[in-house]
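These notes concern the structure reproduced below.
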Amino acid sequence: MTSRTPKPRDRDRGIPEATVARLPVYLRALQALSDRGTPTVSSEELATVAGVNSAKLRKDLSHLGSYGTRGVGYDVEYLIYQISRELGLTQDWSVAIVGAGNLGRALANYGGFGTRGFRIAALLDADAAVVGDEVAGLSVRHIDTLEDVVSMEKVSIGVIATPAAAAQGVCDRFVSAGVTSVLNFAPVVLNVPDGVDVRKVDLSIELQILAFHEQRKADGHEGPDWIGALEA
């Protein structure tokens, strides 16, 4: 497999962002079915496993040109291939993580990336005390080598696991080195030029959203209609 910069296939083909966000969920559900030896699955069964309604699932999959077979459903292995291809997972994406703290080390040690088309090529940090440490078979490199790492390892995706104060500077260096896809774990909004895609993972926000729902349940309230509209 070759390593290259991800292309925004969803934009080229007009796939809605909400659909793109659900494709990995469908893929995970399908892989679980495949592991159990399930050859076909109905839209209702797959929707239940994925936690969406079947009409939404059928509409999402229709964007891939996959409509299933009436009375049979979807071929599990073929649908895995279709979604994997659409998400770009049939290629090898090289990833560099900046930040060798607890989070960065946990990400580097996660074994699931390799089976999903992602190769952790480097782990970098600004702290000389951790440079040279062995983490998941990688030697932590100094942040000063970031540009060389991006070039040598053909890095497609940059992961930022630094404190907030350092995140923008790291992002700027990734972008200057030619990286156009960034996953940000730092609690800060990054400013990037057009053509650079940033995904933000903020665990505190997710916990606050869960706390909101817990509060509503404790008060005996159902979620307002506009929450469902936003999730559509």
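- Follow the hydrophobic side-chain contacts under 4.5 Å out from Val49 and you never reach Tyr78; the two are in separate clusters.
- Placement of Leu190 and Val196 within a single hydrophobic cluster is found when ILVMFWY residues are connected by side-chain heavy-atom separations under 4.5 Å, directly or transitively.
- At least one side-chain heavy atom of Ser54 sits less than 4.5 Å from a side-chain heavy atom of Arg58.
- Nearest heavy atom pair, residue Ser34 against residue Ile80, reads CB-CD1, 3.8 Å.
- Across all their heavy atoms, Val135 and Arg105 have their closest contact at CG2-NH1, 3.5 Å.
- Counting only N and O atoms by type, the side chains of Gln168 and Asp172 include a donor and acceptor under 3.5 Å apart.
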Under the side chain to side chain contact (heavy atoms under 4.5 Å, CB included) criterion, do Leu124 and Val170 qualify, and how do the steps go? CA-CA 11 Å; Leu124 304 97; Val170 170; over 6 Å; no

Decide yes or no on side chain to side chain contact (heavy atoms under 4.5 Å, CB included) for Val98 and Phe174, but give the supporting numbers first. CA-CA 10 Å; Val98 175; Phe174 267 134; 3.6 Å; yes

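- Atom CD of Glu153 is separated from atom OG of Ser94 by 5.5 Å, given to the nearest 0.5 angstrom.
- Placement of Met152 and Val155 in two distinct hydrophobic clusters is found when ILVMFWY residues are connected by side-chain heavy-atom separations under 4.5 Å, directly or transitively.
- Separating the CZ atom in Arg173 from the CD1 atom in Ile143 is a distance of 5.0 Å, to the nearest 0.5 Å.
- Using a 4.5 Å heavy-atom threshold, the side chains of Ile15 and Glu86 count as touching.
- The minimum heavy-atom distance linking Ala136 with Asn109 is given by the pair CB-OD1, 3.5 Å.
- Closest non-hydrogen pair, Leu138 versus Leu123, comes out as CD1-N, 4.3 Å.
- Annotation: the span from Leu23 atom CG to Leu30 atom CG amounts to 10.5 Å, rounded to 0.5 Å.
- Remark: side-chain polar atoms of Ser156 are not paired, donor with acceptor, to backbone N or O of Trp93 under 3.5 angstrom.
- In this structure a side-chain-to-backbone donor-acceptor pair under 3.5 Å is present from Thr48 to Glu44.
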Between Arg141 and Asp148, does a salt bridge (Lys or Arg N to Asp or Glu O under 4.0 Å) hold up when you go through it step by step? CA-CA 11 Å; Arg141 309 191 201 192; Asp148 290 337; over 6 Å; no

Stepwise side chain to side chain contact (heavy atoms under 4.5 Å, CB included) check, Glu77 with Tyr81: CA-CA 6 Å; Glu77 294 300 329; Tyr81 167 75; over 6 Å; no

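- Counting heavy atoms from C-beta on, the side chains of Leu107 and Val95 never come closer than 4.5 Å.
- Taking CG of Asp125 as the start and CG of Asp133 as the end, the distance is 9.0 Å to the nearest 0.5 Å.
- Leu46 and Tyr26 make their closest contact through CD1-O, 4.4 Å (heavy atoms, listed as atom of the first residue, atom of the second, distance).
- Note that the CZ atom of Arg36 and the CG atom of Leu33 stand 5.0 Å from one another [nearest 0.5 Å].
- Linking ILVMFWY side-chain heavy atoms closer than 4.5 Å, directly or via other members, places Leu64 and Val25 in two distinct hydrophobic clusters.
- With hydrogens and angles disregarded, no donor-acceptor distance shorter than 3.5 Å links the side chain of Arg199 to the backbone of Leu183.
- A side-chain donor-acceptor contact under 3.5 Å links Ser62 to the backbone of Lys59.
- Taking the side chain as every heavy atom from C-beta outward, Asp60 and Val52 never approach each other to under 4.5 Å.
- Side-chain contact between Leu103 and Phe185 is present, with at least one heavy-atom pair separated by less than 4.5 Å.
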Check step by step if side chain to side chain contact (heavy atoms under 4.5 Å, CB included) holds for Leu146 and Val149. CA-CA 5 Å; Leu146 185 146; Val149 167; 5.6 Å; no

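- Hydrophobic clustering of Ile, Leu, Val, Met, Phe, Trp and Tyr side chains at less than 4.5 Å, counting indirect connections, keeps Val188 apart from Leu207.
- Nearest approach of Ile97 to Ala161, heavy atoms of both residues: CG2-CB, 4.5 Å.
- Counting heavy atoms of neighbouring residues, nucleotides and ligands inside a 6.0 Å radius, atom CG of Asn102 does not exceed 12 of them.
- Contact annotation: the side chain of Asn184 never approaches that of Cys171 to less than 4.5 Å [non-hydrogen atoms, C-beta and beyond].
- Contact of the Leu61 side chain with the Leu79 side chain is registered, since non-hydrogen atoms from C-beta on lie closer than 4.5 Å.
- Using a 4.5 Å cut-off on side-chain heavy atoms (C-beta onward), Phe118 and Val159 make no contact.
- Rounding to the nearest 0.5 Å gives a distance of 9.0 Å between OG1 of Thr180 and CD1 of Ile157.
- Here the side chain of Lys56 pairs no donor or acceptor atom with the backbone of Thr19 at under 3.5 angstrom.
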